[in-house]
Chemist: 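What follows is a single structure, and I will ask about it in a moment.
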Amino acid sequence: MTKPRFYLTTAIAYPNGRPHMGHAYEAIASDVIARFKRLDGHEVRFLTGTDEHGLKIDQAARAAGMAPKAYVDQMVAPFQALDAALGISFDRFIRTTDADHKALVQALWQRMAANDDLYLGRYEGWYSVRDEAFYDEAELVTADDGARLSPQGTPVEWTVEESWFFRLSAYQDRLLALYDSQPDFIQPASRFNEMRAFVAGGLSDLSVSRTSFAWGIPVPGDERHVMYVWLDALANYLTGAGGLDGEWWPAALHIVGKDVVRFHTVYWPAFLMSAGLALPKTVFGHGFLLNRGEKMSKSLGNVVDPAEMAQRFGVDRLRWFLCREVAFGEDGSYSDEAIVERTNADLANGIGNLAQRSLAMVAKNLGGVMPVWGEAGETELRLKQAFHAGAEAYFAAMNSLALHRALDAVMAMVTAANGYFAENAPWALAKSGDTTRMAEVLAATLDATRRIVLLAQPFMPGSTSLLLDQLGVAADARDFNGFNTPVAAGTQLPAPAGVFPRITLDG
RNA sequence: GGCAGCGUAGCUCAGUUGGUGAGAGCGCCGGAUUCAUAACCCGGAGGUCGGCAGUUCAAGUCUGCCCGCUGCUACCA
């Protein structure tokens, strides 16, 4: 049975600073989903990258005395290094300065223009360079020194600018129809209500070009203008799909931060409708990561370097922690203590110890040869039932993007396997000389471990690979097709070695 | 101001359409055990289910008000 192709994307990062935990989190969560889909038999395309145009980059480059392109070339490197450090299995790292992207955005513009959705007008208002947003008079706040500031406290200036506009207002009904006919278009559901209410409240036309700076993609036929960064940025998903008529479009899933859900669920589908293109299936807005419950900020000095975190704890520990501890879609909190505690409990005491205790007995008592199954007794049946339920919960959770629930299910299977092992006490069987029964218990435990590790693969690709080596699982038997196929009795296993040592805060 | 959501054990949270004595994981305490990474297994302590008042034979689970928190949105002389 062939499964549908699965095209997923992360949001593209704006490289005007160094990558932070939020970038790492989004990349990891998306990577977990991509790996899951591959293991589950889907043909997957996974896109990530950087959003490199706009006034802020232009200004930062100027301040650094560099040309914008040279500046972003240098700023992008840490993002690519982070992806490498985190094991992100993207198929393409797109940069909005890529030539094919530029061509695509201009073609997209022309399609929207052909549909009579673009017109030249004048934009005036209070503009914040920092926020890249216009504000109404009423939204402004007054600083202590009397200066006008945006609601975010950034400087604003009165700006009058000729601008191209997109007839967003014409799409209100079609957007509402989209939401109502496709309730899973916006996830989690709490965001659905907010976006629907926003659209139902009426839409204004959207300014989609600027003349005040030149670092962007020129508007076709009116090169005084460069395109509004969001039009440019959102279109990266089309470029990554292979173009306007790309083979991978439409996307199955856009993973984005909750702060940009509106751009992805209102503007983006309207742009696509205008261009006569298919719409993505789902936009998922994940939450923010808090450092000990506090927002990360430079002034608090609590911004941590995710690559350094991965280095210190190990990539897979970090990946596991973020997916297990944070309910996907909600905000979450992390701290060194929490990472140590969580991963010691789940990985060292749980999965790692389960593998080690059973593999060590096979090595010591059976010469490291995969034992023969026995007839299933009562404890085997209970184990089987627990695993059946666990796998079912796992797949249901993964398919609904409840990554943390999937790991709940995995841990329930670990508990069941450890319970089975303790109940049958194979070490006592070894002493009493009942080698046959001991071997049966070890066979069942090793297979339970194999199933657990198989399901953990999307979350911890490196560690699970080592464990599957130790469990004698062939490289071509590691996707979910092989879930119900035990390792053949008689297979010689390599010497076991701990994969998840306990760690302490001191390191 | 409007709309939506939330407030349940130290921590993070589950708790279908109201109905056996309120749950899980982690942490903590005790026991057992020794195959294993002082891990695993068993047991235990700990909660006025934000507050008050109602509806009901029965409410964490419905209604009203209040307190606190969050998101979206609107407005301000």
Side-chain angles (χ1 to χ4, degrees), chain A residues 135-142 151 186 188-204 257-262 265-266 285-288 290 292-293 295 321-322 324-335 337-366 379 393 397 402 404-405 407-432 435 438-439 441-442 445-446 448-449 463 467 470 496-504:
Chain A
Y135 295 101
D136 290 337
E137 181 83 31
E139 290 180 280
L140 300 182
V141 297
T142 306
I186 304 174
S190 54
R191 311 247 170 261
F192 176 95
N193 295 327
E194 291 173 1
M195 289 306 113
R196 197 188 186 290
F198 174 76
V199 172
L203 295 171
S204 308
K258 64 180 184 180
D259 55 330
V260 294
V261 167
R262 184 200 292 180
T265 59
V266 180
H286 67 251
F288 290 157
L290 307 175
R292 292 177 195 285
K295 208 169 167 177
F321 173 83
L322 291 175
R324 166 103 161 113
E325 188 90 353
V326 181
F328 196 48
E330 308 282 315
D331 288 351
S333 189
Y334 67 88
S335 66
E337 293 88 332
I339 294 173
V340 168
E341 189 175 277
R342 180 94 253 168
T343 58
N344 274 344
D346 291 347
L347 303 181
N349 301 352
I351 297 174
N353 185 50
L354 174 66
Q356 188 66 16
R357 70 196 306 202
S358 50
L359 285 168
M361 281 204 72
V362 171
K364 203 174 295 178
N365 298 286
L366 298 171
T379 58
H404 58 297
R405 294 269 167 257
L407 292 185
D408 280 348
V410 169
M411 287 312 296
M413 293 162 86
V414 173
T415 298
N418 268 321
Y420 168 82
F421 197 79
E423 199 170 12
N424 287 288
W427 58 89
L429 295 168
K431 270 185 195 144
S432 67
T435 316
M438 178 202 72
V441 172
L442 291 176
T445 305
L446 285 186
T449 308
S463 315
L467 281 168
Q470 294 190 27
V499 170
F500 298 117
R502 286 181 66 83
I503 57 172
T504 59

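Below, chain A is the first sequence line, B the second, and so on; all start at residue 1.
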Chemist: Quick one: on RNA chain B, does A:K364 or A:A422 contact a more 5' nucleotide (nearest heavy atom)?
Modeler: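 The residue closer to the strand's 5' end, by nearest nucleotide, is A:K364.
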
Chemist: Which is true for A:G201 with a 4.0 Å heavy-atom rule: it touches a base, it touches only sugar-phosphate, or it touches nothing?
Modeler: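 Touches nothing.
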
Chemist: Could you tell me whether A:P426 contacts a base, only the sugar-phosphate backbone, or nothing, with contacts defined as non-hydrogen atoms closer than 4.0 Å?
Modeler: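 Answer is nothing: A:P426 stays at 4.0 Å or more from every strand.
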
Chemist: Which is true for A:A197 with a 4.0 Å heavy-atom rule: it touches a base, it touches only sugar-phosphate, or it touches nothing?
Modeler: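 The answer is nothing, as A:A197 stays clear of every strand by at least 4.0 Å.
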
Chemist: Strictly by Watson-Crick or wobble contacts shorter than 3.5 Å, is anything paired with B:G19, and which nucleotide is it?
Modeler: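 Partner of B:G19: B:C57.
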
Chemist: Determine the Euclidean distance between corresponding C1' atoms of B:U20 and B:U37; express it in Å to zero decimal places.
Modeler: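 So the two C1' atoms sit 43 Å from each other.
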
Chemist: For B:U70, give its Watson-Crick or G-U wobble partner with both distances under 3.5 Å, or none.
Modeler: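 For B:U70, the partner nucleotide comes out as B:A4, under the 3.5 Å rule.
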
Chemist: Does the structure show a Watson-Crick or G-U wobble partner for B:A39, both distances under 3.5 Å? Name it, or say none.
Modeler: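 Looking at the geometry, B:A39 pairs with no nucleotide.
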
Chemist: Check whether any side-chain N or O of A:K258 sits under 4.0 Å from OP1 or OP2 of B:C72, and answer yes or no.
Modeler: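 Looking at the OP1 and OP2 atoms of B:C72, neither is under 4.0 Å from any side-chain N or O of A:K258.
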
Chemist: Does the side chain of A:N349 get closer than 4.0 angstrom to OP1 or OP2 of B:C40 through an N or O atom?
Modeler: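 Yes, such a contact exists.
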
Chemist: State the pairing partner of B:U34; accept Watson-Crick or G-U wobble contacts with both distances under 3.5 Å, and report none otherwise.
Modeler: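 The base-pairing partner of B:U34, which may sit in any strand shown, does not exist here.
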
Chemist: Taking only N and O in the side chain of A:R502, is any of them less than 4.0 Å away from OP1 or OP2 of B:A39?
Modeler: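 Indeed, a polar side-chain atom of A:R502 lies that close.
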
Chemist: Working to the nearest 0.5 angstrom, can you tell me the gap between A:R405 CZ and A:R324 CZ?
Modeler: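 It is 10.0 Å, given to the nearest 0.5 Å.
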
Chemist: Nearest of B:G25, B:C41, B:A36 to any side-chain atom of A:N353?
Modeler: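 Of B:G25, B:C41, B:A36, B:A36 is nearest to the side chain of A:N353.
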
Chemist: Nearest to the side chain of A:R405 - B:A14, B:G71, B:C35?
Modeler: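 My answer, after comparing the listed nucleotides, is B:A14.
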
Chemist: Is the A:W427 ring parallel, tilted or perpendicular to the A:F421 ring (thresholds 30°, 60°)?
Modeler: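 Ring orientation of A:W427 relative to A:F421: tilted.
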
Chemist: Would you measure the distance from the P atom in B:G68 across to the matching atom in B:C29 and give it in whole Å?
Modeler: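 Those two atoms are separated by 38 Å.
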
Chemist: Can you tell me how far the CG atom of A:L467 sits from the CD1 atom of A:I351, to the nearest 0.5 Å?
Modeler: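 Atom-to-atom, A:L467:CG and A:I351:CD1 are 8.0 Å apart.
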
